[in-house]
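All values below were derived from every heavy atom in this structure, side-chain atoms included, with hydrogens, water molecules and symmetry-related copies excluded.
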Amino acid sequence: MSCTIAANAQTAPYTLKREITGVQTNWHSLVLPNPMYQKLKPGFEDLRIFGVNGKDTVEVPYLLKQRGDQVSTQEIAFKQLNQSNANQVYYYTFQPSAATVINQINLNFKQENFDWKVNLEGSNDNQSWFTIVKDYRILSIKNQYTDYHFTRLNFPDAKYSYFRLAVKSNTQPELLATKILKADTVKGVFQNIKYQSYNIKNDAEHKETVIDINLTDPVPVSQLSLNAQSDFDFYRPFKIEYVTDSFKTDQGIRYNYMELYTGTISSLEKPVFTFPNTITSKLKITIQNNDNKPLRLSGLALKGNVYELIARFDDPKLPYALYYGNEKATAPSYEIDKFENKIPAGLSSLTIGEEQQNPAYTVKITKPLFENKAWLWVLMAVIIVLLGWFSFKMLRN
């Protein structure tokens, strides 16, 4: 019995647990099940892995990883060789400092309002040119309603000694700055998010379209794809908000929202928007139409980054379980985060069981000071004596 008490002492503050199976080596990964998120503290401070070794409880150190896209960019040095024009086409030739792969060019023009088509070509001898992109549209609009520009060229990896940009324009572009980049993206691990329903409302009074999305459970969300169409090109400011809490009123349940993303939905760019991984059960999208006809919205898709634990099991033979549900818990501090480069690659994933109540959970109850009735009688007697003494003094005076 004493061994059981000792083993349970460390797990007692946690209300819930899930058995872990499949431990065979020292290092494994665990993907958190979606139903867990609504039971965890917002920062996962109450998440623990414990194993039982006789009368001892063994705590397993882990790293919590959010598997989002990892994007790195390298700016490539270059020099501009010349600038020329012919038949309302303006040419700019660039020579990278070394022949290297690039896949992105950022352009900055003095003009604030324009709509141009550009071609990009590559050459190794500055004589024979090969098309990289053709009729690529760049755009900038700035007025009282909109401040939007799309002047970044994205294209497949290209390696040439020279690059030539051709801008088709009725007026001479004033190119202020150019950046040539090599962008690399390590794809993250995403899961598709199911939603119960979404409701679209076109608000003519406020000149906006509002989309309310109800999710099945509170889960991490980090990407929205919106299928929007129009008979003409469009660029509308919009924002994404998520529910932080709710409250009851005479008119029903109301929600408090916090801003998650602001930007522009445009016919020029893919309507895929990425934002910090956020756990929520309800989203609201607001598209500002101004005096334009509302967009046709025919569907949406949500994705979220997977949260993964990378854990070190010093004794694979022990039984292990995930524990959580402790409001007073603080975030653990494990030294393995200082030696992350030594963690093996290609870890096998463990199986996490169904949620169950932790049988070792105990609640410390603070007993009332006067739980024993004898104390109450003593207190009443003292009060009666004090009242009698004060009354006697008053009568004498």
Side-chain angles (χ1 to χ4, degrees), residues 63 65-83 90-111 114 116-140 148-167 173-190 222-225 261-264 266 268-277 303 305-306 308 310 337-346:
L63 292 175
K65 289 294 184 179
Q66 182 187 144
R67 297 300 187 184
D69 287 346
Q70 301 295 320
V71 181
S72 61
T73 57
Q74 177 187 0
E75 188 170 347
I76 308 300
F78 71 95
K79 60 181 178 180
Q80 183 173 328
L81 297 183
N82 54 53
Q83 178 178 332
Y90 296 83
Y91 297 94
Y92 306 86
T93 304
F94 309 104
Q95 182 183 22
S97 58
T100 185
V101 173
I102 69 169
N103 53 21
Q104 191 177 106
I105 297 179
N106 292 342
L107 304 170
N108 182 20
F109 295 94
K110 184 177 182 180
Q111 288 94 332
F114 59 82
W116 298 327
K117 296 285 185 67
V118 302
N119 295 341
L120 180 66
E121 300 172 308
S123 173
N124 288 319
D125 57 8
N126 205 13
Q127 299 293 325
S128 301
W129 293 93
F130 303 92
T131 300
I132 300 173
V133 294
K134 186 177 181 179
D135 288 337
Y136 195 105
R137 189 177 181 188
I138 59 175
L139 176 73
S140 178
Y148 171 74
H149 65 274
F150 178 68
T151 56
R152 182 181 63 222
L153 278 66
N154 293 300
F155 46 89
D157 289 355
K159 184 178 180 180
Y160 292 98
S161 299
Y162 304 91
F163 291 89
R164 184 169 68 184
L165 183 72
V167 181
E174 296 185 57
L175 183 60
L176 299 178
T178 305
K179 284 187 178 181
I180 296 179
L181 305 166
K182 173 65 168 67
D184 293 303
T185 302
V186 177
K187 291 294 184 182
V189 180
F190 293 85
S222 60
Q223 190 181 97
L224 166 71
S225 300
Y261 179 92
T262 59
T264 303
S266 165
L268 300 182
E269 301 178 78
K270 290 183 178 180
V272 180
F273 309 98
T274 303
F275 38 85
N277 218 26
K303 290 185 178 182
N305 292 126
V306 171
E308 181 182 44
I310 296 176
D337 64 345
K338 306 296 190 299
F339 307 98
E340 187 174 349
N341 59 334
K342 294 186 177 181
I343 298 175

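- Looking at residues two or more places apart in sequence or on another chain, you find a side-chain hydrogen bond (donor to acceptor under 3.5 Å, both in side chains) between Ser222 and Asn277, Asn305.
- In terms of heavy atoms, Glu75 sits closest to Leu181 at CA-CD2, 3.5 Å.
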Original post:
What's the verdict on side chain to side chain contact (heavy atoms under 4.5 Å, CB included) for Ile343 and Leu63, showing C-alpha distance, side-chain angles and the deciding distance?
Top reply: CA-CA 10 Å; Ile343 298 175; Leu63 292 175; 3.5 Å; yes
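- Among residue pairs with one or both ends in residues 93-102, none qualify as salt bridge (charged side-chain N to carboxylate O under 4.0 Å, His left out); sequence neighbours excluded.
- Under the rule for a ring pair (Phe, Tyr, Trp, His ring centres under 6.0 Å), the partners of Phe78 that lie at least two apart in sequence or sit in another chain are Phe94.
- Tyr136 meets the ring pair (Phe, Tyr, Trp, His ring centres under 6.0 Å) test with no other residue; sequence neighbours excluded.
- By the ring pair (Phe, Tyr, Trp, His ring centres under 6.0 Å) test, Tyr92 pairs with no residue at all, sequence neighbours left out.
- Rounded to the nearest 0.5 Å, atoms CG (Asn108) and CD (Glu174) are 11.5 Å apart.
- Taken from OG in Ser225 to NZ in Lys303, the straight-line distance is 6.5 Å, to the nearest 0.5 Å.
- When each of Leu107, Asn119, Val133, Thr178 is tested with Leu165 by the rule side chain to side chain contact (heavy atoms under 4.5 Å, CB included), just one qualifies, namely Leu107.
- Side-chain atoms of Asn124 never come within 3.5 Å of backbone atoms of Tyr160 as a donor-acceptor pair (strictly under, hydrogens ignored).
- When all heavy atoms of Tyr261 and Phe273 are compared, the closest pair comes out as OH-CD2, 3.5 Å.
- Shown here are the side-chain hydrogen bond (donor to acceptor under 3.5 Å, both in side chains) partners of Gln223, two or more places apart in sequence or in another chain: there are none.
- Annotation for Gln95 and Leu81: closest pair OE1-CD2, 3.7 Å, computed over non-hydrogen atoms.
- Annotation: salt bridge (Lys or Arg N to Asp or Glu O under 4.0 Å) contacts of Arg152 (sequence neighbours excluded): none.
- Scanning all heavy atoms of the two residues, the minimum distance from Ile132 to Gly122 falls at CD1-N, 3.8 Å.
- The nearest pair of heavy atoms linking Ile138 to Leu153 is CG2-CD1, 4.0 Å.
- With sequence neighbours excluded, the residues that form a salt bridge (Lys or Arg N to Asp or Glu O under 4.0 Å) with Asp184 are Lys182.
- Residues satisfying the salt bridge (Lys or Arg N to Asp or Glu O under 4.0 Å) test with Lys65, not counting sequence neighbours, are Glu340.
- The distance from atom CD of Gln83 to atom OH of Tyr91, rounded to the nearest 0.5 Å, is 13.0 Å.
- Pairing each heavy atom of Ser128 with each of Asp125, the nearest pair is N-OD1, 2.9 Å.
- Here the straight-line distance linking atom OG of Ser123 with atom CZ of Phe163 works out to 10.0 Å at 0.5 Å rounding.
- The ring pair (Phe, Tyr, Trp, His ring centres under 6.0 Å) check on Trp116 picks up Phe109, Phe114, with sequence neighbours excluded.
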Original post:
Going through the distances and angles, do Glu308 and Val189 end up as a side chain to side chain contact (heavy atoms under 4.5 Å, CB included)?
Top reply: CA-CA 10 Å; Glu308 181 182 44; Val189 180; over 6 Å; no
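- Taken to the nearest 0.5 Å, the OG1 atom of Thr93 stands 12.5 Å off from the NZ atom of Lys79.
- Atom CG of Asn126 sits about 9.5 Å away from atom OG of Ser161, to the nearest 0.5 Å.
- Looking at Ser266 and Tyr148, their side chains do bring a donor and an acceptor atom within 3.5 Å of each other.
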Compile the donor-acceptor pairs under 3.5 Å between side chains in residues 99-106 and protein atoms, sequence neighbours left out, one pair per line.
| from | atom 1 | to | atom 2 | distance (Å) |
| --- | --- | --- | --- | --- |
| Asn103 | OD1 | Ala183 | N | 2.9 |
| Asn103 | ND2 | Asp157 | OD1 | 3.0 |
| Asn103 | ND2 | Ala183 | O | 2.9 |
| Gln104 | NE2 | Asn154 | OD1 | 3.1 |

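- In this structure Gln111 satisfies the side-chain hydrogen bond (donor to acceptor under 3.5 Å, both in side chains) test with no other residue, sequence neighbours excluded.
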